[in-house]
Amino acid sequence: MVKIPVYGVLVLLVLGIAGCGAQKGTTQIKYEKNGDPQTISAEKDGVYALYTASDLTPKVRQRLSKGDRVGFEKTSDGRVRAVAGTYSQTLAASTQEAYWKLEK
């Protein structure tokens with residue numbers, strides 16, 4: 001029989017709760033480190049919030065109209081930035097995951 005320490009179970013539980021499911025709203029687009037950043041057209045008018053994996057509160061909220069650009073793109077120096085309409089913010093190099101969510 002394999003024994004798993006209670007501490008290990010708690011760590012797994014916390015990791016399972018954290019991430020894109022912990023924040024309010026519907027994920028519209030996600031960036032994962034070492035993946036290709038992409039942008040999309042906003043699905044509908046509303047407030048879009050930027051989170052990284054461990055955030056419970058958004059880094060920023062942007063009001064967008066249907067069709068506005070939202071997502072992630074590479075900069076000329078190879079870094080990744082979050083974009084939403086006219087908003088742009090370069091992500092920290094340590095960012096593993098980031099999400100734009102449509103708030104309800």
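- Looking at Asp45, its side chain does come within 3.5 Å of a backbone N or O of Lys66 through a donor-acceptor pair.
- Minimum heavy-atom separation, Gly25 to Lys101: O-NZ, 3.7 Å.
- Tracing side-chain contacts under 4.5 Å through hydrophobic residues (I, L, V, M, F, W, Y), one never reaches Ile40 starting from Tyr99; they form parts of separate clusters.
- Leu50 is not connected to Val83 by any chain of hydrophobic side-chain contacts under 4.5 Å among Ile, Leu, Val, Met, Phe, Trp and Tyr, and they are in different clusters.
- Atom NZ of Lys33 has more than 12 neighbouring heavy atoms from other residues, nucleotides or ligands inside a 6.0 Å radius.
- Ring orientation note: the planes of Trp100 and Phe72 are tilted relative to one another, at an angle of 30° to 60°.
- To the nearest 0.5 Å, atom CG of residue Asp36 and atom CD of residue Glu73 are 13.5 Å apart.
- Looking at every heavy atom in both residues, Gly71 comes nearest to Ile29 through CA-CG2, 3.7 Å.
- With respect to the salt-bridge test (charged N to carboxylate O, under 4.0 angstrom), the residues Arg61 and Glu103 qualify.
- Considering all non-hydrogen atoms of both residues, Ala49 and Pro58 come closest at CB-CB, 3.7 Å.
- Linking Ile, Leu, Val, Met, Phe, Trp and Tyr residues whenever their side-chain heavy atoms come within less than 4.5 Å leaves Val47 and Tyr51 in two separate clusters.
- Note on Leu102 and Tyr87: same hydrophobic cluster, where clusters join Ile, Leu, Val, Met, Phe, Trp and Tyr whose side-chain heavy atoms are under 4.5 Å apart, directly or indirectly.
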